[in-house]
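What you see below is based on every heavy atom in this structure, not just the backbone, and it leaves out hydrogens, waters and symmetry mates. Note that this is a predicted model, so its numbers are computed, not measured.
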Amino acid sequence: MTRYILAIDQGTTSSRAILFDADLRVAAQAQEEFPQHFPQSGWVEHEAADLWSSTAGTCRAALEKAGAGPEDVVAIGITNQRETTVVWDRKTGQPIHRAIVWQDRRTADLCRRLRDEGQEARVTEITGLLLDPYFSGTKLAWILDHVEGARERARRGELAFGTVDSWLIWKLTGGARHVTDATNAARTMLYDISRNAWSPEMCDMLDIPKEMLPEVLDCGAEFGTTRPDLFGRPLPILGVAGDQQAATLGQACFAPGMLKSTYGTGCFALLNTGTERVTSQHRLLSTIAYRLDGQTTYALEGSIFIAGAVVQWLRDGLGLIRQASDTQGLAERADDGQQVILVPAFTGLGAPYWNAECRGAVYGLTRNSGPAEFARAALESVGYQTRDLVEAMRADWAGIDSSVATLRVDGGMSASEWAMQFLSDILGAPVDRPQVLETTAMGAAWLAGQRAELYPGPEEFAKGWALDRQFTPAMDSATREARYAAWQRAVQATMTV
Ligand code: G3P
């Protein structure tokens, strides 16, 4: 009998299921995309039913591909797109509204109003977050405001709120468990990350009935067992973490000062700050990296909304490339005499600027600027934005020793040698790309597997992290600083137009 851990990675554009064997190697995987709904400009929704059916479907498909039966699966680990908000009826299990996705900006006005009332400092003190539509709290308030009778029903305990992990666990367990983990709770703007408990003050501020909140568990815990009919026997769910936190685990960033950056649609950099919560003076988020055996490890997080999405825009918006991998070849051919700068503020800017209103801009165009210069500017924009985050981290936390910290990278764009070399050049720091790029799913699998005693504890697991390639800075420091200064001027100009 083979022993597997089944990792569920429910992401923003697709659901995936990955079977890891006893040596933490990928044995099989399946992936399914699902529809995105954009009912208005700036709004993004998912059908919660799609999130569930694609998850269940890919789990079955992965098992089938590996020729594995339920008796081969030791446990399930879940990782998920964070902040996305689901509300459902406890009795019928039916969602009362489509899930409002993390990218959705519909609550910008509510956030502005609360900021104008002077609430932001208190929100940050409690939750570690900023008053931005990104987080679940205002999305949940919006649903309660717009679905008739919802708030009253929630007060009566008839409705349940959850991030995607919670929703999936509810479905997997046939409604037996309404739970989440500390990392997902930390993204709701309703959770006190110092006390490790739901915050009555935040619930009051947003008028959220506490009766609808899930129970919060460690990342490695008993989250329930699956309905027997789903996979042929009940399978225990033993690990849960939000996707960026799971990637932090998958990258084995267990020690304070370790830093990872994941390049998907957006880019999320997390710096492990240890058991001490660090408050950012530079508009980064303080968040929970993981909670194991009741011990919380914190992180500083920088979130950029457009990273890989800028390459998608080159392909689908401008028609300059046929596939993402064409970008590198084009960028290599760009004219060194030109300095085209692209600020991809397509949906505003995330950390450290948090400007929801500004929009993208291009600077430095000449008569000779063409697809190659656009491609290079697009890849460079990801490097520049990462440097913005790392600068803020360096300023916020002395524990990131000296000016140099190695950045561990993963996600689709980390496959681009050109983008990773530029990243190292502009950071002036080494960039390490691991052999296994499935870090997010691996983090979730590790959580469940170590709980099931199939995988080793953090120290042994960290020893298994293997380098594929290290990129080291090749740009001289005068050029680096001049180019970064030009980027900063471009961002300032973009925010003042
Ligand atoms: O905070 C949002 C993040 O968790 C989404 O990640 O990989 O689904 O785009 P991803």
Side-chain angles (χ1 to χ4, degrees), residues 9-15 33-48 50-51 54 79-87 95 97-112 129-143 146 161-165 167 183-184 186-189 242-245 247 261-270 283 285 287 301-313 315-317 343-360 381-382 385 389 411-413 440:
D9 180 359
Q10 202 305 301
T12 311
T13 55
S14 70
S15 300
E33 291 193 8
F34 50 82
Q36 309 283 316
H37 301 275
F38 308 107
Q40 288 189 32
S41 161
W43 292 28
V44 189
E45 297 179 349
H46 293 157
E47 287 291 355
D50 290 343
L51 304 182
S54 55
T79 183
N80 56 289
Q81 54 167 323
R82 306 168 304 166
E83 299 97 14
T84 298
T85 302
V86 191
V87 179
H97 192 275
R98 279 199 194 131
I100 303 184
V101 177
W102 59 277
Q103 297 155 320
D104 189 294
R105 315 301 289 168
R106 79 184 63 183
T107 57
D109 281 347
L110 171 56
C111 292
R112 199 174 308 115
L129 308 176
L130 293 160
L131 262 173
D132 190 90
Y134 176 24
F135 309 106
S136 320
T138 59
K139 298 180 196 296
L140 174 54
W142 190 96
I143 293 176
H146 289 82
F161 151 74
T163 39
V164 171
D165 56 308
W167 165 244
T183 67
N184 275 295
R187 314 301 293 186
T188 60
M189 219 168 81
D243 56 9
Q244 302 308 320
Q245 282 85 345
S261 191
T262 301
Y263 296 94
T265 311
C267 156
F268 301 89
L270 266 79
R283 301 186 70 71
L285 310 172
T287 201
E301 174 173 327
S303 323
I304 301 168
F305 299 140
I306 304 289
V310 77
V311 174
Q312 241 164 26
W313 172 73
R315 188 192 61 193
D316 305 336
V343 181
F346 302 152
T347 53
L349 287 169
Y353 308 105
W354 298 103
N355 185 322
E357 277 83 32
C358 71
R359 290 297 175 262
S381 73
V382 176
Q385 292 184 95
L389 302 180
M413 202 186 251
T440 303

Looking at [Y], is its backbone amide N or carbonyl O close enough to the side chain of [X] to form a donor-acceptor pair, meaning the two atoms are under 3.5 Å apart?
X	Y	value
T84	W102	yes
H37	W43	no
T138	S136	no
Q245	L270	no
W167	A48	yes

Within the 4.5 Å heavy-atom criterion, are [X] and [Y] side-chain neighbours or not?
X	Y	answer
E357	R112	yes
H146	H97	no
F135	L285	yes
D132	M189	no
Y263	V382	yes
T13	E33	no
Q103	T265	yes
T188	F161	yes

request  = Give the ring-plane orientation class for F305 versus W354, where under 30° counts as parallel, over 60° as perpendicular and anything between as tilted.
outcome  = perpendicular
inquiry  = Go through it in stages, so that I can follow the logic: the residues are T287 and Q244, the test is side-chain contact (heavy atoms from CB on, under 4.5 Å), and I'd like the CA-CA distance, side-chain angles, deciding distance and then a yes or no.
reply    = CA-CA 11 Å; T287 201; Q244 302 308 320; over 6 Å; no
task = List the steps and the verdict of side-chain contact (heavy atoms from CB on, under 4.5 Å) for Y134 and R187.
result = CA-CA 9 Å; Y134 176 24; R187 314 301 293 186; 3.4 Å; yes
inquiry  = One pair to check against side chain to side chain donor-acceptor pair (under 3.5 Å): R82 and T163. What are the steps and the verdict?
reply    = CA-CA 7 Å; R82 306 168 304 166; T163 39; over 6 Å; no
key: Partners passing salt bridge (Lys or Arg N to Asp or Glu O under 4.0 Å) against R106 (at least two apart in sequence or in another chain)   = E45, D104
